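One structure is given below, encoded as structure tokens.
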Amino acid sequence: MGPEMCYNYSMNLDKIKAELDDLEAFLATPDAYSDTSFAAKAKRATLLREIIDLDAKIAQAKANLEEAELLSNDPELGEIAREDIKTLKSTIETGSARLEELLIPRDPSDDKPAIIEIRAGAGGDEASLFAGEMYRLYLKYAENHGLKSELISKNENEAGGMKEVIFKISGDNAYGQLKFEGGVHRVQRVPVTESQGRIHTSTVTVAVLPEADEQDLEINPDDLRIDIYRSGGHGGQGVNTTDSAVRITHLPTGIMVAMQDERSQQQNRIKAMNILRSRLLEKKKEEEMKSASEARKSLIGTGDRSEKIRTYNFPQDRVTDHRIHYSRSNIPAVMDGDIDDIIHELTKHERTLKEA
């Protein structure tokens, strides 16, 4: 991509400036902070300012480049001008790439919190142990990026692993950062319980859902069956003594969510409805994606949770994402939440698909 690149997304600077003027006028009003749209409008204004400033920076760099090229053969100033040309071309190329990125229409769900569900698959105790490690991976990733994590539900086993864990990660672009993690993650390694040193293959399924608001999806109460029962298992005595567990079934789709981690029935009901709404929204998006042309299908939303997306090969110290044929080493760092390069490559590939 050279300095004279053409934007794939048209930019009407006058329109952008007019929108920014309107937003700044709103944000300057005394009651703006109490408005429910304040945060979204403030964020939009920040984005528009960056676009305008970046466009001005690129324009200035192009003007300086023309001057430097005129001086490039000057006996006295030529050497300095040629160095300036290199710097200015790099500034234009980097700025243009960033500007194009800002102009690409974003998924409205990217700024939503991400609800992540991790389930142990094939491999018995080894799969459950890896499910626990994947949970810690995402918690560490969230911590490294200033995101907030909140445990919703977990089901541990006697081996110290997790059969299932559901949690929420919220913060700036939370779903946008983690949405490519959904699918089957395969681990190849020698389990601690393996006395013969044989390599075992186990799987873990990860689902990543944007948290759905009530306005995102209307659910008919008549479509729900709600069962109340007595909690059991890991919740402790306080949980087990009352009928606080809630199971909600969406009759038209058969989607069922059970929640028993909280002490009160109302808290469990709220959490269960939140997850149910998010799963229904995901189902709706999957159906819309299936109806799209093959050329426009993206890395996410294909509806196939059985797709193997990534392999963690411990003996070879290699992690491979099969969707983009990207591999890297240093598994210990990956398991400590260092997956920025993988997410960057997936995001870049998704952007390429959108431009197609």
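The chain is numbered in sequence order, starting from 1. These numbers were taken from a predicted model, which means no experiment stands behind them.
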Quick check: is [Y] connected to [X] through a chain of hydrophobic side chains (ILVMFWY, heavy atoms under 4.5 Å apart)?
X	Y	result
Leu20	Leu13	yes
Phe130	Ile309	no
Leu129	Leu137	no
Leu276	Ile228	yes
Phe180	Ile339	yes

Minimum side-chain heavy-atom gap [X]-[Y] below 4.5 Å:
X	Y	answer
Tyr135	Lys154	no
Lys308	His322	yes
Val246	Asp227	no
Thr94	Ser90	yes
Ser128	Met162	no
Asp111	Tyr175	no
Ile226	Arg269	yes
Ile85	Leu65	yes

What's the shortest heavy-atom distance between [X] and [Y], and which atoms?
X	Y	result
Met134	Ile118	C-CD1, 3.9 Å
Ala68	Leu88	CB-CD1, 4.4 Å
Ala127	Ala122	CB-O, 3.4 Å
Gly337	Asp340	O-OD1, 4.3 Å
Ala272	Ile248	CB-CD1, 3.8 Å
Pro113	Ala174	CA-CB, 4.3 Å

### Message
Evaluate Arg310 against Glu181 for salt bridge (charged side-chain N to carboxylate O under 4.0 Å, His left out), listing each step before the verdict.
### Response
CA-CA 9 Å; Arg310 195 174 299 153; Glu181 292 300 297; 2.8 Å; yes
Main-chain N/O of [Y] paired with [X] side-chain donor or acceptor, under 3.5 Å:
X	Y	value
Arg82	Ser72	yes
Ser278	Ala212	yes
Arg186	Val204	no
Asn313	Asp317	no
Ser96	Ile92	yes
Glu350	Glu345	no
Arg279	Met256	yes
His145	Tyr141	yes
Thr29	Ala25	no
Asn155	Glu164	no

Once rounded to the nearest 0.5 Å, what's the spacing between atom [atom1] of [X] and atom [atom2] of [Y]?
X	Y	atom1	atom2	result
Leu102	Ile16	CG	CD1	9.5 Å
Asp223	Thr253	CG	OG1	8.5 Å
Ile169	Ser149	CD1	OG	6.0 Å
Ile115	Arg277	CD1	CZ	10.0 Å
Leu209	Ile116	CG	CD1	9.0 Å
Leu71	Glu66	CG	CD	12.0 Å

In plain terms, say whether [X] and [Y] are close enough for a salt bridge, that is, a side-chain N and a carboxylate O under 4.0 Å apart.
X	Y	result
Glu150	Lys148	no
Lys112	Asp110	no
Glu211	Lys168	yes
Asp338	Lys140	no
Arg119	Glu117	yes

### Query
Under the side-chain contact (heavy atoms from CB on, under 4.5 Å) criterion, do Val187 and Thr311 qualify, and how do the steps go?
CA-CA 6 Å; Val187 59; Thr311 295; over 6 Å; no
### Task
Report the relative orientation of the aromatic rings in Tyr138 and His185; use parallel for angles under 30°, tilted for 30 to 60°, perpendicular for over 60°.
perpendicular
### Message
If you count heavy atoms of other groups shown closer than 6.0 angstrom to NZ of Lys17, is the number above 12?
### Response
no
### Heavy-atom neighbours of Glu24 CD exceed 12 at 6.0 Å
yes
### Lys NZ or Arg CZ of Lys41 over Phe26 ring: under 6.0 Å, within 45°
yes
### Arg247 charged N/C atom sitting above Tyr229 aromatic ring, 6.0 Å / 45°
yes
### Message
For Asp172 and Lys43: C-alpha separation, side-chain torsions, deciding distance, then whether salt bridge (charged side-chain N to carboxylate O under 4.0 Å, His left out) applies.
### Response
CA-CA 10 Å; Asp172 186 38; Lys43 191 166 187 174; 2.6 Å; yes
### Query
Judged by modelled atom types alone, do Asn268 and Gln260 share a side-chain donor-acceptor pair under 3.5 Å?
no
### Query
What do the steps show when you test Glu19 against Leu48 for side-chain contact (heavy atoms from CB on, under 4.5 Å), and what is the final call?
CA-CA 8 Å; Glu19 183 184 354; Leu48 297 183; 3.6 Å; yes
### Derivation of the side-chain contact (heavy atoms from CB on, under 4.5 Å) call for Asp55 and Asp53
CA-CA 5 Å; Asp55 181 75; Asp53 292 345; over 6 Å; no
### Query
Do Val190 and His200 pass the side-chain contact (heavy atoms from CB on, under 4.5 Å) test, and can you show the C-alpha distance, the side-chain angles, and the key distance before you say yes or no?
CA-CA 6 Å; Val190 179; His200 286 224; over 6 Å; no
### Task
Could you point out which residue of Thr320, Asp321, Asp341 forms a side-chain hydrogen bond (donor to acceptor under 3.5 Å, both in side chains) with Tyr326?
Asp341
